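It should be emphasised that the depicted structure is a prediction, and the values quoted were computed from it without experimental measurement. Labels below follow one simple rule: chain letters A, B, ... track the order of the sequence lines, proteins then strands, and each chain is numbered from 1.
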Amino acid sequence: MQPNAERLERMSGMLKRRGVILPAFEIHGGAKGLYDFGPVGGRLRNRVNQTWINHWLALGNIVELSCPTVTPYAVLEASGHVGEFSDFMTVCKGCEEASRADTLLEDYHPNPDALTKDELQTLLDASNPPCPTCDAQDWTEITAQNLMFNTTIGAGSSGRAGFLRPETAQGMFTSFPALLRHNRDRLPFGAIQVGKGYRNEISPRQGMIRLREFNMAELEYFFNPHEDQNHDFSPWMETKLSLVPDGQSVLEATIPSALESNIIRHSTVGYFMAQTYDFLVKVGIDPARLRFRQHEADEMAHYASDCWDAEILGSYGWIECVGIAHRGCYDLEAHEKATGKTLRARREFSEPKVVEIDGWTINGATAGPAFRALAGAVKHALEALDASASFPAKIKLTNGELVEVLPEHVKRVQRTETITGEWYIPHVVEPAFGIDRIIWHILDHAYDDESKEGDDYTVLRLSDHVAPVDFCVFPLFEKDGMGEMARQLHRKLCARPGLVSVYDSSGSIGRRYARADEIGVPRCLTVDHQSIEDQTVTVRDRDTGEQHRVHIDELV
RNA sequence: GCGGAUAUGGUGAAGUGGUAUCAUAGGAGGUUUCCAACCUUUUGUCGUGGGUUCAACUCCCGCUAUCCGCACCA
């Protein structure tokens, strides 16, 4: 543990010194749980994000969204976050002491913890309990406090309550009608979003691991639960992953075999586990320090029916960096209920269903005047009866009222309906990536300060996909035209979209290689005397130190 | 939120009731034909706010941040 802690200190120092990751707002004293990606880290973060986006767009049925971080209260109330993430507070106007509303109302309700904000407010207004501190009975309006950042959308009395989003997912669920239309009503499809999320953590810890503002990248994959997804697992037939099934010890298995033995319960979850494995390895996570752990039933989030975390082993132990959750129809159904809007897709049956309808309904001309306001409820009750019913009869309505229905109020209904399909709520599998945690582990796995025969020498062995700088350009000496030629080459490289080059002419050549290695530049280009003669430069590889000459036209 | 430790140039450290030392890094110049070489020169520091004192980086108190447990959270 001790050498590990020292390595962690050296690494954090380097990350700060070289502008990869720094405490935010440090000149003002800093702020807990908030970090800057500096001049090097900014590029790294961008490349991880872009690699992530490209990884999913390659599937062919994925679109990218960007939704607001400021989110109205109602959205997160519908999703369950207000209930799950918040405590409801009210402040005594007598002594300014804040109390939890559900605690105050324990004497007035069997389970106030389960109430919504509005229900608590109603109950608080009705019961008006005394303040436990000063016995006053005068409370402010209930506000939600806790893990989500509260904000007000708009000014003054016209402002609406809102939050900074705790996850990007809800915007993708609320955009479902637009997504479905874009995909011309055909499932499956996915939506991805990369962006910031916010959680007002009580106690952020462990550097980048628990942040108050963090980068997340989420994919919502919508599919028809009645249909086999037929995922192509052929690329992963031989790839063994470390799996930790619910409450059991670790085992090595391929995804297809784990699906076969029902350790992974759903093929779409398994498919995204495999894709997630590929992504993490692509950006430089060591497969030997990667495992997938299944959530036990009691730790499952409120929306999930099965969940696997990708955990990565680093300086802080095994840390969950990706959650792959089967959310079922939870979210779309929740937003449907809250809004009354339809968030469904249509599926046609392979054979139309022919349904014999044989029962009763009201005769509007007579039942309408007879039952007036109750006519709708009577119709509903009658249609639930089967064909054998006879009239007159006493019918119980849903509101408990008993009405007498006479033969002239009713009509027989006998017809045949052909039903060609139905509307259903799509199911969702959600791989959710904590980008900051992944970046931390990319750095952790890439950081090597024990090479070069025991001497302290630091190399960041980053994957080419995410290295923040592609090339360093060095003149061997800044004279005889070498400096000028190197500068020109540097500018040419920088002019290429997406390419980053750094020019460095100070110090010995060895020192400059060392500086480049420290931030993980994969290749250094050195202009020497021969370059002036024949327009070639040496290309030096970060990991092997090997050099070969290349004509500059091949580079740009 | 509770308990413990810590805070000195960019980084890593030393030190004292009388405004600070070293290494390394950075800039400029020189030297050098490819892996942190060398020479000259230069920049830059006591987390923050109070208190005690003639004088506080040093002693005391608060705050902020960092690290480690516990709790919380996914």
Distance-only side-chain donor-acceptor flag, Asp517(A) / Tyr457(A), under 3.5 Å
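Checked: Asp517(A)/Tyr457(A) side chains pair up, N/O donor to acceptor below 3.5 Å.
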Nearest-angstrom distance, [atom1] atom, [N] to [M]:
| N | M | atom1 | answer |
| --- | --- | --- | --- |
| rG12(B) | rG49(B) | C1' | 28 Å |
| rG44(B) | rG27(B) | P | 16 Å |
| rG29(B) | rA23(B) | C1' | 23 Å |
| rA37(B) | rU31(B) | C1' | 11 Å |
| rA13(B) | rG47(B) | P | 14 Å |
| rC35(B) | rU42(B) | P | 31 Å |
| rU53(B) | rC59(B) | C1' | 10 Å |

Residues in salt bridge (charged side-chain N to carboxylate O under 4.0 Å, His left out) with [X], at least two apart?
| X | answer |
| --- | --- |
| Arg289(A) | Asp286(A) |
| Glu26(A) | Lys16(A) |
| Asp543(A) | Arg461(A) |

Specify the separation, in whole Å, of atom [atom1] of [X] and atom [atom2] of [N].
| X | N | atom1 | atom2 | answer |
| --- | --- | --- | --- | --- |
| Arg437(A) | rC73(B) | CZ | P | 15 Å |
| Tyr513(A) | rC34(B) | OH | P | 10 Å |
| Lys16(A) | rU66(B) | NZ | P | 11 Å |
| Asn200(A) | rA74(B) | CG | C1' | 16 Å |
| His28(A) | rG47(B) | NE2 | P | 18 Å |
| Arg18(A) | rU11(B) | CZ | P | 14 Å |
| Leu8(A) | rG12(B) | CG | P | 12 Å |
| Met482(A) | rU33(B) | CE | P | 9 Å |

Candidate nucleotides [options], ranked by approach to the side chain of [X] - the nearest:
| X | options | value |
| --- | --- | --- |
| Glu9(A) | rC67(B), rA13(B), rA37(B) | rA13(B) |
| Arg540(A) | rC35(B), rA36(B), rC34(B) | rC35(B) |
| Tyr457(A) | rA36(B), rA13(B), rA74(B) | rA36(B) |
| His529(A) | rU33(B), rC67(B), rC35(B) | rU33(B) |
| Arg293(A) | rA74(B), rC72(B), rA36(B) | rA74(B) |

Which part of the nucleic acid does Phe25(A) contact within heavy-atom distance under 4.0 Å: base, sugar-phosphate only, or nothing?
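Here Phe25(A) touches no strand at all.
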Please work out if Gly207(A) contacts a base, only the sugar-phosphate, or nothing of the nucleic acid, heavy-atom cut-off 4.0 Å.
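Result for Gly207(A) = sugar-phosphate.
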Between Thr538(A) and Gly33(A), which residue's closest nucleotide on RNA chain B lies nearer the 5′ terminus?
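Comparing both residues, the 5'-ward one is Thr538(A).
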Partners meeting ring-ring contact (aromatic ring centres under 6.0 Å, His included) with His55(A) (sequence neighbours left out):
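Per chain and number, His55(A) pairs via ring-ring contact (aromatic ring centres under 6.0 Å, His included) with Phe279(A).
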Less than 4.0 angstrom from a charged side-chain N to a carboxylate O is my criterion; do Asp464(A) and Arg542(A) meet it?
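Result for this pair is no, no salt bridge flagged.
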Taking all non-hydrogen atoms of both residues, which atom of [X] and which atom of [Y] are closest, and how far apart?
| X | Y | answer |
| --- | --- | --- |
| Leu211(A) | Tyr35(A) | CD2-CD1, 3.5 Å |
| Arg515(A) | Gly507(A) | NH2-N, 4.4 Å |
| Pro522(A) | Asp470(A) | CD-O, 3.6 Å |

Phosphate OP1/OP2 of rU64(B): any Lys32(A) side-chain N/O under 4.0 Å:
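No, Lys32(A) has no side-chain N/O under 4.0 Å of OP1/OP2 on rU64(B).
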Between Thr526(A) and rC34(B), does any side-chain N or O lie under 4.0 Å from OP1 or OP2?
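So the side-chain polar atoms of Thr526(A) never come under 4.0 Å of the phosphate oxygens OP1 or OP2 of rC34(B).
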If you restrict it to nitrogen or oxygen atoms, what contacts under 3.5 Å exist between nucleotides 21-31 of chain B and the protein, and what is each distance?
unit_1	atom_1	unit_2	atom_2	d
rA25(B)	OP1	Arg511(A)	NH2	3.1
rG26(B)	OP1	Arg515(A)	NH1	2.1
rG26(B)	OP2	Arg511(A)	NH1	3.0

Taking donor-acceptor contacts at under 3.5 Å, does the side chain of Arg512(A) reach the base of rC34(B)?
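In this structure, the two groups form no donor-acceptor pair.
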Check: Val20(A) and Leu460(A) side chains under 4.5 Å, non-hydrogen atoms:
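Sidechains of Val20(A) and Leu460(A): no contact.
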Is any side-chain heavy atom of Phe37(A) closer than 4.5 Å to one of Leu44(A)?
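Sidechains of Phe37(A) and Leu44(A): no contact.
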Counting Watson-Crick and G-U wobble pairs whose two distances are both under 3.5 Å, find the runs of 3 or more in a row that involve RNA chain B.
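RNA chain B forms these stems: B:1-7 with B:64-70, B:10-13 with B:21-24, B:26-30 with B:38-42, B:47-51 with B:59-63.
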